[in-house]
Amino acid sequence: MAQHLDAEVIVVGGGPAGASTACALAREGVDVLVLDRARFPRDKVCAEYLSPQASRILADMGVLEEIERSDPAHLAGMMVRAPNGKTAEGRFAANHGFRGFRDKGLAIRRTILDEIVLRGARSAGARVEESVRVTDLARNGSARVSGVNTIAPDGQPRTLRARYVVGADGLRSVIGRRLGLVKTSRIWPRRIALVTHYRNVQGVTDIGEMHVDYDGYFGIVDVGHGKMNVAVVIPMARAREIGESKTEFFERWIASRPHLAERFAGAERITPVRATGPFATASRRAWSPGAALVGDAADFFDPFTGEGIYAALRGGELLAPYLIEALGRTPADEGKLLSGYDEARKREFGGKWKLERIVGMAIAYPYFMNNAAKLLSQRKDMADLLVGVAGDFIPPSVVLSPRFLFTLFISPAFRT
Ligand SMILES: Cc1cc2nc3c(=O)[nH]c(=O)nc-3n(C[C@H](O)[C@H](O)[C@H](O)COP(=O)(O)OP(=O)(O)OC[C@H]3O[C@@H](n4cnc5c(N)ncnc54)[C@H](O)[C@@H]3O)c2cc1C
(Lines give C-alpha, C1' and ligand atoms only; values in the text may rest on other atoms or scores of the structure.)
Protein backbone atom coordinates (compact mmCIF):
# COMPACT_ATOMS: atom_id res chain seq x y z
CA MET A 1 0.00 0.00 0.00
CA ALA A 2 1.32 3.47 -0.88
CA GLN A 3 2.42 5.36 2.19
CA HIS A 4 0.91 8.71 3.14
CA LEU A 5 3.34 11.55 2.42
CA ASP A 6 3.29 14.93 4.19
CA ALA A 7 5.23 16.48 1.26
CA GLU A 8 7.28 15.36 -1.72
CA VAL A 9 10.33 17.10 -0.22
CA ILE A 10 10.87 18.18 3.38
CA VAL A 11 13.53 20.87 3.79
CA VAL A 12 14.96 21.08 7.31
CA GLY A 13 16.03 24.69 7.95
CA GLY A 14 14.62 27.93 6.52
CA GLY A 15 17.89 29.90 6.30
CA PRO A 16 19.34 30.98 2.92
CA ALA A 17 20.11 27.39 1.83
CA GLY A 18 16.71 25.98 2.77
CA ALA A 19 14.79 28.96 1.38
CA SER A 20 16.69 28.86 -1.93
CA THR A 21 16.18 25.10 -2.32
CA ALA A 22 12.49 25.34 -1.42
CA CYS A 23 11.94 28.28 -3.78
CA ALA A 24 13.57 26.49 -6.73
CA LEU A 25 11.59 23.28 -6.06
CA ALA A 26 8.22 24.97 -5.47
CA ARG A 27 8.54 26.97 -8.67
CA GLU A 28 8.72 23.70 -10.59
CA GLY A 29 5.53 22.51 -8.91
CA VAL A 30 7.14 20.27 -6.26
CA ASP A 31 5.16 20.01 -3.02
CA VAL A 32 7.77 21.21 -0.51
CA LEU A 33 7.52 21.71 3.24
CA VAL A 34 10.15 23.78 5.09
CA LEU A 35 10.58 23.12 8.83
CA ASP A 36 12.54 25.47 11.07
CA ARG A 37 12.98 25.26 14.82
CA ALA A 38 13.09 29.07 15.03
CA ARG A 39 10.35 31.63 14.64
CA PHE A 40 11.33 34.31 12.11
CA PRO A 41 12.66 36.95 12.28
CA ARG A 42 15.51 35.06 13.91
CA ASP A 43 19.12 36.16 14.29
CA LYS A 44 22.20 34.24 13.17
CA VAL A 45 25.81 34.79 14.25
CA CYS A 46 27.34 36.13 11.02
CA ALA A 47 29.38 39.07 9.67
CA GLU A 48 26.38 39.82 7.41
CA TYR A 49 28.18 40.58 4.15
CA LEU A 50 26.85 39.29 0.79
CA SER A 51 28.90 39.17 -2.39
CA PRO A 52 27.71 41.10 -5.49
CA GLN A 53 26.79 37.80 -7.13
CA ALA A 54 24.50 36.81 -4.24
CA SER A 55 22.24 39.63 -5.46
CA ARG A 56 21.80 37.75 -8.76
CA ILE A 57 20.22 34.83 -6.90
CA LEU A 58 18.16 37.11 -4.67
CA ALA A 59 16.87 38.87 -7.80
CA ASP A 60 15.98 35.50 -9.37
CA MET A 61 14.10 34.57 -6.19
CA GLY A 62 12.17 37.85 -6.54
CA VAL A 63 13.31 39.25 -3.18
CA LEU A 64 16.06 41.74 -4.09
CA GLU A 65 13.69 44.70 -4.36
CA GLU A 66 12.26 44.07 -0.90
CA ILE A 67 15.79 43.71 0.48
CA GLU A 68 16.71 47.06 -1.09
CA ARG A 69 13.60 48.65 0.44
CA SER A 70 14.79 47.50 3.87
CA ASP A 71 17.69 49.96 3.48
CA PRO A 72 20.78 47.69 3.72
CA ALA A 73 24.33 49.01 3.41
CA HIS A 74 26.20 48.60 0.11
CA LEU A 75 29.84 47.67 -0.16
CA ALA A 76 32.20 48.83 -2.91
CA GLY A 77 35.01 46.44 -1.94
CA MET A 78 37.14 44.95 0.82
CA MET A 79 40.24 45.98 2.73
CA VAL A 80 42.72 43.74 4.55
CA ARG A 81 45.17 44.92 7.20
CA ALA A 82 48.02 42.48 7.85
CA PRO A 83 49.72 41.93 11.23
CA ASN A 84 52.61 44.18 10.08
CA GLY A 85 50.15 47.08 9.68
CA LYS A 86 50.24 47.12 5.86
CA THR A 87 46.82 47.57 4.28
CA ALA A 88 45.51 46.59 0.85
CA GLU A 89 42.17 47.45 -0.71
CA GLY A 90 40.33 45.99 -3.69
CA ARG A 91 37.11 47.09 -5.37
CA PHE A 92 34.38 45.14 -7.12
CA ALA A 93 34.21 47.66 -9.98
CA ALA A 94 37.70 47.63 -11.49
CA ASN A 95 39.65 47.48 -14.71
CA HIS A 96 40.11 43.72 -14.94
CA GLY A 97 37.54 43.02 -17.61
CA PHE A 98 35.20 41.12 -15.26
CA ARG A 99 31.85 42.47 -14.15
CA GLY A 100 29.55 41.14 -11.44
CA PHE A 101 25.74 41.13 -11.42
CA ARG A 102 26.19 44.52 -9.78
CA ASP A 103 29.20 46.56 -8.66
CA LYS A 104 28.39 46.36 -4.98
CA GLY A 105 27.91 43.82 -2.25
CA LEU A 106 25.20 43.97 0.40
CA ALA A 107 25.59 44.14 4.16
CA ILE A 108 22.38 43.57 6.08
CA ARG A 109 21.20 42.26 9.44
CA ARG A 110 20.33 38.56 9.22
CA THR A 111 17.10 39.27 11.13
CA ILE A 112 15.98 41.25 8.06
CA LEU A 113 17.59 39.24 5.24
CA ASP A 114 16.55 35.75 6.26
CA GLU A 115 12.92 36.66 6.88
CA ILE A 116 12.61 38.24 3.43
CA VAL A 117 14.37 35.33 1.71
CA LEU A 118 12.14 32.76 3.44
CA ARG A 119 9.09 34.80 2.41
CA GLY A 120 10.38 34.43 -1.17
CA ALA A 121 10.17 30.64 -0.81
CA ARG A 122 6.63 30.96 0.57
CA SER A 123 5.59 33.18 -2.35
CA ALA A 124 6.94 30.56 -4.76
CA GLY A 125 4.55 28.03 -3.19
CA ALA A 126 6.58 26.35 -0.44
CA ARG A 127 4.79 25.60 2.83
CA VAL A 128 6.73 26.77 5.89
CA GLU A 129 6.26 25.61 9.48
CA GLU A 130 8.17 27.52 12.15
CA SER A 131 8.98 26.46 15.73
CA VAL A 132 9.24 22.82 14.59
CA ARG A 133 12.44 21.11 15.74
CA VAL A 134 13.70 18.13 13.79
CA THR A 135 15.24 15.60 16.15
CA ASP A 136 16.07 12.68 13.86
CA LEU A 137 15.57 11.02 10.50
CA ALA A 138 12.75 8.51 9.98
CA ARG A 139 13.78 5.41 8.03
CA ASN A 140 10.79 3.09 7.76
CA GLY A 141 12.77 -0.05 8.53
CA SER A 142 15.25 0.33 5.63
CA ALA A 143 18.48 2.30 5.17
CA ARG A 144 16.61 4.78 3.01
CA VAL A 145 15.46 8.03 4.64
CA SER A 146 11.67 8.32 4.55
CA GLY A 147 11.05 11.45 6.61
CA VAL A 148 11.88 13.22 9.86
CA ASN A 149 10.95 13.00 13.51
CA THR A 150 9.97 16.36 14.90
CA ILE A 151 8.82 18.14 18.02
CA ALA A 152 5.83 20.29 17.06
CA PRO A 153 5.22 23.77 18.57
CA ASP A 154 2.83 22.20 21.12
CA GLY A 155 5.67 19.95 22.33
CA GLN A 156 4.22 16.81 20.73
CA PRO A 157 6.49 14.41 18.81
CA ARG A 158 5.42 13.95 15.21
CA THR A 159 6.85 11.98 12.27
CA LEU A 160 6.55 13.60 8.86
CA ARG A 161 7.09 11.57 5.67
CA ALA A 162 8.49 12.66 2.30
CA ARG A 163 10.20 11.20 -0.77
CA TYR A 164 13.27 13.34 0.01
CA VAL A 165 14.63 15.14 3.05
CA VAL A 166 17.00 18.08 2.53
CA GLY A 167 19.30 18.99 5.41
CA ALA A 168 19.64 22.79 5.25
CA ASP A 169 19.97 22.99 9.01
CA GLY A 170 23.27 24.82 9.21
CA LEU A 171 26.62 24.38 10.88
CA ARG A 172 25.79 21.64 13.39
CA SER A 173 23.34 19.90 11.08
CA VAL A 174 21.30 17.15 12.76
CA ILE A 175 20.60 15.70 9.32
CA GLY A 176 24.29 15.60 8.31
CA ARG A 177 25.26 13.95 11.59
CA ARG A 178 22.45 11.38 11.49
CA LEU A 179 23.42 10.50 7.91
CA GLY A 180 27.01 10.02 9.11
CA LEU A 181 28.24 12.36 6.38
CA VAL A 182 29.93 15.06 8.45
CA LYS A 183 33.69 14.86 8.61
CA THR A 184 35.89 17.13 10.67
CA SER A 185 38.23 19.76 9.45
CA ARG A 186 38.90 20.52 5.81
CA ILE A 187 40.14 23.97 6.68
CA TRP A 188 42.66 24.45 9.43
CA PRO A 189 42.85 25.51 12.19
CA ARG A 190 39.41 25.12 13.71
CA ARG A 191 38.20 28.54 14.79
CA ILE A 192 35.55 30.17 16.94
CA ALA A 193 33.93 33.56 16.46
CA LEU A 194 32.47 36.31 18.62
CA VAL A 195 30.09 38.74 16.94
CA THR A 196 28.26 41.87 18.10
CA HIS A 197 27.01 45.24 16.79
CA TYR A 198 28.16 48.76 17.57
CA ARG A 199 27.08 52.30 16.74
CA ASN A 200 29.41 55.24 16.10
CA VAL A 201 32.63 53.45 15.19
CA GLN A 202 34.82 56.08 13.54
CA GLY A 203 36.00 55.79 9.94
CA VAL A 204 33.69 53.01 8.74
CA THR A 205 33.11 53.42 4.98
CA ASP A 206 31.64 51.37 2.15
CA ILE A 207 34.71 49.12 2.21
CA GLY A 208 34.42 46.01 4.41
CA GLU A 209 37.42 45.64 6.73
CA MET A 210 39.42 42.60 7.82
CA HIS A 211 42.21 43.17 10.35
CA VAL A 212 44.44 40.09 10.57
CA ASP A 213 46.58 39.80 13.68
CA TYR A 214 49.00 37.29 15.15
CA ASP A 215 46.26 35.81 17.35
CA GLY A 216 43.20 35.90 15.06
CA TYR A 217 41.30 38.32 12.87
CA PHE A 218 38.78 41.13 13.33
CA GLY A 219 36.12 42.38 10.89
CA ILE A 220 34.03 45.55 10.74
CA VAL A 221 31.24 46.25 8.29
CA ASP A 222 28.42 48.77 8.12
CA VAL A 223 25.13 46.82 8.00
CA GLY A 224 22.81 49.81 7.57
CA HIS A 225 20.56 51.69 10.01
CA GLY A 226 23.68 53.13 11.71
CA LYS A 227 24.78 49.67 12.91
CA MET A 228 28.20 48.13 12.45
CA ASN A 229 28.76 44.38 12.59
CA VAL A 230 31.98 43.68 14.49
CA ALA A 231 33.50 40.19 14.70
CA VAL A 232 36.56 38.55 16.26
CA VAL A 233 37.64 35.12 15.02
CA ILE A 234 40.30 33.16 16.93
CA PRO A 235 41.78 29.67 16.66
CA MET A 236 39.98 27.13 18.86
CA ALA A 237 43.29 26.60 20.70
CA ARG A 238 42.94 30.10 22.18
CA ALA A 239 39.33 29.64 23.34
CA ARG A 240 40.44 29.46 26.99
CA GLU A 241 41.55 33.12 26.75
CA ILE A 242 37.90 34.16 26.43
CA GLY A 243 37.45 33.25 30.10
CA GLU A 244 34.25 34.07 31.97
CA SER A 245 33.01 36.99 29.90
CA LYS A 246 32.76 37.14 26.12
CA THR A 247 32.10 40.88 26.34
CA GLU A 248 35.25 41.56 28.37
CA PHE A 249 37.33 39.48 25.96
CA PHE A 250 35.88 41.42 23.03
CA GLU A 251 36.53 44.79 24.64
CA ARG A 252 40.07 43.73 25.65
CA TRP A 253 40.77 42.75 22.04
CA ILE A 254 39.82 46.23 20.81
CA ALA A 255 41.52 48.13 23.65
CA SER A 256 44.81 46.30 23.16
CA ARG A 257 45.15 47.42 19.51
CA PRO A 258 45.68 51.18 19.22
CA HIS A 259 44.54 51.33 15.56
CA LEU A 260 41.15 49.91 16.66
CA ALA A 261 40.94 51.47 20.12
CA GLU A 262 40.98 55.03 18.81
CA ARG A 263 38.14 54.27 16.38
CA PHE A 264 35.99 52.68 19.11
CA ALA A 265 36.60 55.47 21.64
CA GLY A 266 33.10 56.96 21.29
CA ALA A 267 31.35 53.80 20.09
CA GLU A 268 28.44 52.07 21.81
CA ARG A 269 27.86 48.31 21.76
CA ILE A 270 24.17 47.67 20.98
CA THR A 271 23.81 43.87 20.91
CA PRO A 272 25.16 41.16 23.23
CA VAL A 273 28.42 39.48 22.17
CA ARG A 274 27.44 36.08 20.73
CA ALA A 275 29.81 33.20 20.11
CA THR A 276 29.79 30.29 17.68
CA GLY A 277 32.13 27.51 16.65
CA PRO A 278 34.27 25.57 16.24
CA PHE A 279 33.41 25.70 12.56
CA ALA A 280 35.75 23.77 10.33
CA THR A 281 33.40 21.05 9.08
CA ALA A 282 32.54 19.55 5.72
CA SER A 283 30.63 16.52 4.50
CA ARG A 284 32.17 13.53 2.73
CA ARG A 285 29.43 13.73 0.16
CA ALA A 286 26.24 15.75 0.08
CA TRP A 287 23.62 13.02 -0.33
CA SER A 288 22.46 9.66 0.92
CA PRO A 289 19.50 7.50 -0.22
CA GLY A 290 16.41 9.68 0.29
CA ALA A 291 18.33 12.73 1.54
CA ALA A 292 20.69 15.54 0.52
CA LEU A 293 22.62 18.32 2.26
CA VAL A 294 22.96 21.97 1.26
CA GLY A 295 24.49 25.17 2.67
CA ASP A 296 26.51 25.01 5.90
CA ALA A 297 25.08 21.55 6.56
CA ALA A 298 27.05 20.31 3.53
CA ASP A 299 30.13 22.42 3.95
CA PHE A 300 31.12 25.42 6.05
CA PHE A 301 33.25 28.22 4.54
CA ASP A 302 35.58 30.12 6.87
CA PRO A 303 33.99 33.53 7.63
CA PHE A 304 37.10 35.28 6.22
CA THR A 305 35.98 34.27 2.72
CA GLY A 306 32.54 35.93 3.11
CA GLU A 307 31.31 33.03 1.01
CA GLY A 308 28.72 31.28 3.20
CA ILE A 309 25.48 33.02 2.24
CA TYR A 310 26.28 32.97 -1.47
CA ALA A 311 27.23 29.27 -1.26
CA ALA A 312 24.00 28.52 0.64
CA LEU A 313 21.82 30.32 -1.94
CA ARG A 314 23.74 28.86 -4.88
CA GLY A 315 23.68 25.38 -3.33
CA GLY A 316 19.88 25.43 -3.36
CA GLU A 317 19.89 26.36 -7.04
CA LEU A 318 22.29 23.50 -7.78
CA LEU A 319 20.43 20.86 -5.79
CA ALA A 320 16.86 21.48 -7.00
CA PRO A 321 17.16 20.11 -10.58
CA TYR A 322 18.76 16.88 -9.33
CA LEU A 323 15.97 16.35 -6.80
CA ILE A 324 13.29 17.07 -9.40
CA GLU A 325 14.87 14.52 -11.73
CA ALA A 326 15.13 11.98 -8.88
CA LEU A 327 11.44 12.48 -7.97
CA GLY A 328 10.53 11.37 -11.49
CA ARG A 329 12.65 8.20 -11.32
CA THR A 330 12.87 5.08 -9.18
CA PRO A 331 15.29 4.87 -6.22
CA ALA A 332 17.47 2.59 -8.40
CA ASP A 333 18.54 5.63 -10.49
CA GLU A 334 19.19 7.81 -7.47
CA GLY A 335 22.89 7.04 -6.88
CA LYS A 336 23.95 8.13 -10.33
CA LEU A 337 21.72 11.19 -10.27
CA LEU A 338 22.72 12.53 -6.89
CA SER A 339 26.41 11.83 -7.53
CA GLY A 340 25.84 14.43 -10.26
CA TYR A 341 24.92 16.89 -7.49
CA ASP A 342 28.24 16.17 -5.77
CA GLU A 343 30.05 16.74 -9.06
CA ALA A 344 28.17 20.01 -9.62
CA ARG A 345 29.20 21.16 -6.14
CA LYS A 346 32.83 20.37 -6.88
CA ARG A 347 32.68 22.31 -10.16
CA GLU A 348 31.01 25.26 -8.46
CA PHE A 349 32.92 25.40 -5.17
CA GLY A 350 36.16 23.44 -5.81
CA GLY A 351 38.23 26.54 -6.61
CA LYS A 352 36.83 28.31 -3.56
CA TRP A 353 37.71 25.35 -1.33
CA LYS A 354 41.33 25.57 -2.52
CA LEU A 355 41.42 29.32 -2.00
CA GLU A 356 39.95 28.92 1.47
CA ARG A 357 42.81 26.59 2.43
CA ILE A 358 45.35 29.09 1.10
CA VAL A 359 43.70 31.96 3.02
CA GLY A 360 43.65 29.76 6.14
CA MET A 361 47.39 29.20 5.76
CA ALA A 362 48.05 32.94 5.30
CA ILE A 363 46.09 33.69 8.49
CA ALA A 364 47.84 30.95 10.45
CA TYR A 365 51.33 31.98 9.22
CA PRO A 366 51.54 35.81 9.33
CA TYR A 367 54.75 35.71 7.26
CA PHE A 368 52.55 35.00 4.22
CA MET A 369 49.84 37.51 5.12
CA ASN A 370 52.46 40.23 5.71
CA ASN A 371 54.07 39.49 2.34
CA ALA A 372 50.70 39.50 0.58
CA ALA A 373 49.62 42.83 2.11
CA LYS A 374 52.98 44.40 1.24
CA LEU A 375 52.55 43.38 -2.38
CA LEU A 376 48.83 44.17 -2.68
CA SER A 377 49.31 47.65 -1.22
CA GLN A 378 51.34 48.35 -4.40
CA ARG A 379 49.47 46.08 -6.84
CA LYS A 380 45.88 47.32 -6.88
CA ASP A 381 45.24 45.22 -10.00
CA MET A 382 45.92 42.02 -8.04
CA ALA A 383 43.91 43.23 -5.03
CA ASP A 384 40.93 43.93 -7.32
CA LEU A 385 41.18 40.44 -8.81
CA LEU A 386 41.15 38.82 -5.36
CA VAL A 387 38.17 40.92 -4.29
CA GLY A 388 36.39 39.95 -7.53
CA VAL A 389 36.94 36.27 -6.72
CA ALA A 390 35.57 36.86 -3.20
CA GLY A 391 32.68 38.67 -4.93
CA ASP A 392 31.90 35.42 -6.81
CA PHE A 393 32.13 36.93 -10.30
CA ILE A 394 35.78 36.12 -11.14
CA PRO A 395 36.67 32.42 -11.43
CA PRO A 396 39.05 31.31 -8.65
CA SER A 397 41.35 29.78 -11.31
CA VAL A 398 42.44 33.35 -12.20
CA VAL A 399 44.19 33.72 -8.81
CA LEU A 400 45.13 30.07 -8.24
CA SER A 401 47.89 29.94 -10.85
CA PRO A 402 51.35 29.18 -9.37
CA ARG A 403 52.57 32.46 -10.82
CA PHE A 404 49.89 34.56 -9.10
CA LEU A 405 50.42 32.77 -5.79
CA PHE A 406 54.22 33.08 -5.95
CA THR A 407 53.97 36.79 -6.76
CA LEU A 408 51.52 37.26 -3.90
CA PHE A 409 53.07 35.29 -1.06
CA ILE A 410 56.76 34.76 -1.81
CA SER A 411 58.10 37.48 -4.14
CA PRO A 412 57.56 40.39 -1.67
CA ALA A 413 60.26 38.87 0.57
CA PHE A 414 62.78 39.63 -2.19
CA ARG A 415 61.61 43.20 -2.75
CA THR A 416 62.97 46.18 -0.88
C1 LIG B 1 31.24 34.33 12.59
C2 LIG B 1 30.64 34.08 11.24
C3 LIG B 1 30.66 35.09 10.29
C4 LIG B 1 30.15 34.86 9.02
N5 LIG B 1 30.16 35.88 8.12
C6 LIG B 1 29.66 35.70 6.88
C7 LIG B 1 29.60 36.77 5.94
O8 LIG B 1 29.96 37.91 6.22
N9 LIG B 1 29.11 36.50 4.70
C10 LIG B 1 28.67 35.26 4.35
O11 LIG B 1 28.25 35.08 3.22
N12 LIG B 1 28.67 34.24 5.23
C13 LIG B 1 29.14 34.43 6.49
N14 LIG B 1 29.11 33.42 7.39
C15 LIG B 1 28.53 32.12 7.00
C16 LIG B 1 27.01 32.20 6.94
O17 LIG B 1 26.49 32.68 8.14
C18 LIG B 1 26.46 30.81 6.64
O19 LIG B 1 27.23 30.22 5.62
C20 LIG B 1 24.98 30.85 6.19
O21 LIG B 1 24.16 31.32 7.22
C22 LIG B 1 24.55 29.43 5.77
O23 LIG B 1 23.18 29.39 5.53
P24 LIG B 1 22.36 28.04 5.83
O25 LIG B 1 21.00 28.30 5.33
O26 LIG B 1 23.12 26.87 5.35
O27 LIG B 1 22.37 27.90 7.42
P28 LIG B 1 21.72 28.84 8.53
O29 LIG B 1 21.68 30.24 8.07
O30 LIG B 1 22.45 28.53 9.78
O31 LIG B 1 20.23 28.32 8.64
C32 LIG B 1 19.94 27.06 9.20
C33 LIG B 1 18.50 27.07 9.71
O34 LIG B 1 18.19 25.75 10.17
C35 LIG B 1 17.44 25.84 11.35
N36 LIG B 1 17.68 24.60 12.10
C37 LIG B 1 18.85 24.15 12.61
N38 LIG B 1 18.69 22.97 13.23
C39 LIG B 1 17.37 22.65 13.10
C40 LIG B 1 16.59 21.55 13.53
N41 LIG B 1 17.11 20.54 14.21
N42 LIG B 1 15.27 21.55 13.23
C43 LIG B 1 14.71 22.57 12.53
N44 LIG B 1 15.41 23.63 12.10
C45 LIG B 1 16.72 23.68 12.37
C46 LIG B 1 17.96 27.08 12.05
O47 LIG B 1 17.01 27.62 12.95
C48 LIG B 1 18.27 28.00 10.87
O49 LIG B 1 17.19 28.86 10.60
C50 LIG B 1 29.60 33.61 8.68
C51 LIG B 1 29.55 32.61 9.65
C52 LIG B 1 30.07 32.82 10.91
C53 LIG B 1 30.01 31.74 11.93
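Whatever order the structure lists them in is the order used to number ligands and atoms, beginning at 1. Quick caveat, the model's predicted, so the values are computed rather than measured.
Every atom of ligand 1 with a heavy atom of D169 under 4.0 Å away is listed here by number and element: 32 (C), 34 (O), 36 (N), 37 (C), 38 (N), 39 (C). Residue G306 approaches ligand 1 through these ligand atoms, each under 4.0 Å from one of its heavy atoms: 9 (N), 10 (C), 11 (O). Residue-ligand proximity, T276 to ligand 1, at heavy-atom distances under 4.0 Å covers atoms 53 (C). Close approach of ligand 1 to F300 (heavy-atom distance below 4.0 Å) involves ligand atoms 51 (C), 53 (C). Numbered from 1 in the order shown, with element, the atoms of ligand 1 that lie under 4.0 Å from a heavy atom of A193 read 1 (C). Each of the atoms 33 (C), 34 (O), 35 (C) of ligand 1 lies under 4.0 Å from some heavy atom of G13. Interface atoms of ligand 1 facing V174, defined by a heavy-atom separation under 4.0 Å, are 41 (N). The ligand atoms of ligand 1 that sit less than 4.0 angstrom from a heavy atom of G295 are 26 (O).
Within the 4.0 Å heavy-atom criterion, the part of A312 lying near ligand 1 is the side chain and not the backbone.
For atom 41 (N) of ligand 1, the closest heavy atom belonging to the protein is V134 O, 3.0 Å. Looking from atom 48 (C) of ligand 1 to the surrounding protein, the closest heavy atom is D36 OD2, 3.4 Å. From the protein, the heavy atom lying nearest to atom 2 (C) of ligand 1 is P303 CG, 3.7 Å. Scanning all protein heavy atoms for the shortest distance to atom 32 (C) of ligand 1 gives A168 O, 3.5 Å. Atom 50 (C) of ligand 1 has its closest protein heavy atom at C46 SG, 3.9 Å. Atom 7 (C) of ligand 1 has its closest protein heavy atom at Y49 O, 3.6 Å. In this structure, atom 11 (O) of ligand 1 lies nearest to the protein heavy atom I309 N, 2.7 Å. Here the heavy atom of the protein found nearest to atom 17 (O) of ligand 1 is R110 NH1, 3.1 Å.
Under a 4.0 angstrom heavy-atom cut-off, F301 registers as lying outside contact with ligand 1. Contact analysis leaves N229 out of contact with ligand 1, as no non-hydrogen atom separation drops below 4.0 angstrom. Remark: distances from the non-hydrogen atoms of L50 to ligand 1 are all 4.0 Å or more. Within the structure, ligand 1 lacks R172 among the residues with a heavy atom less than 4.0 angstrom away.
F304 does not carry R357 over the face of its six-membered ring by the limits of under 6.0 Å from the centre and within 45° of the normal.
Within a 6.0 Å sphere centred on CZ of R199, heavy atoms belonging to other residues, nucleotides or ligands number more than 12. In R127, the CZ atom is crowded: over 12 heavy atoms of neighbouring residues, nucleotides or ligands sit closer than 6.0 Å.
Closest heavy-atom contact between L194 and A275: CD2-CB, 3.4 Å.
Judged by distance alone, the side chain of D296 and the main-chain N or O of G170 form no donor-acceptor pair under 3.5 Å. A donor-acceptor contact shorter than 3.5 Å is absent between the side chain of T305 and the backbone of E356. In terms of modelled atom types and a separation under 3.5 Å, the side chain of E334 and the main chain of G290 share a donor-acceptor contact. E307 places no side-chain N or O within 3.5 Å of a backbone atom of D302 that could act as its donor or acceptor partner. No side-chain donor-acceptor contact under 3.5 Å links R109 to the backbone of V223.
Comparing heavy-atom distances from atom 28 (P) of ligand 1 across E48, E129, K44 singles out K44 as nearest. Considering each of A17, G18, A47, A38, the one bringing a non-hydrogen atom nearest atom 5 (N) of ligand 1 is A47. In the candidate list V11, V12, V45, V45 is nearest to atom 52 (C) of ligand 1, counting heavy atoms.
Ionic pairing of K352 and D392 is present here: one or more N-O contacts between side-chain nitrogen and carboxylate oxygen are shorter than 4.0 angstrom. R257 has a carboxylate O that lies under 4.0 Å from a charged side-chain N of D213, or vice versa, which qualifies the two as a salt bridge. With respect to the salt-bridge test (charged N to carboxylate O, under 4.0 angstrom), the residues E317 and R56 qualify. Taking a cutoff of 4.0 Å between a charged side-chain nitrogen and a carboxylate oxygen, D103 and R91 do not qualify as a salt bridge. Salt bridge annotation for E251-R269: present, with a cationic side-chain nitrogen under 4.0 angstrom from a carboxylate oxygen. Using a cut-off of 4.0 Å between Lys/Arg side-chain N and Asp/Glu carboxylate O, R178 and D136 are scored as salt-bridged.
Annotation: D296 places an N or O atom under 3.5 Å from an N or O atom of ligand 1; distance criterion only. Ligand 1 has an N or O atom lying under 3.5 Å from an N or O atom of P16, backbone or side chain. Residue R37 places at least one N or O, backbone or side chain, under 3.5 Å from an N or O of ligand 1.
Contacts classified as side-chain hydrogen bond (donor to acceptor under 3.5 Å, both in side chains) and involving residues 8-21 (residues at least two apart or in different chains) are not found.
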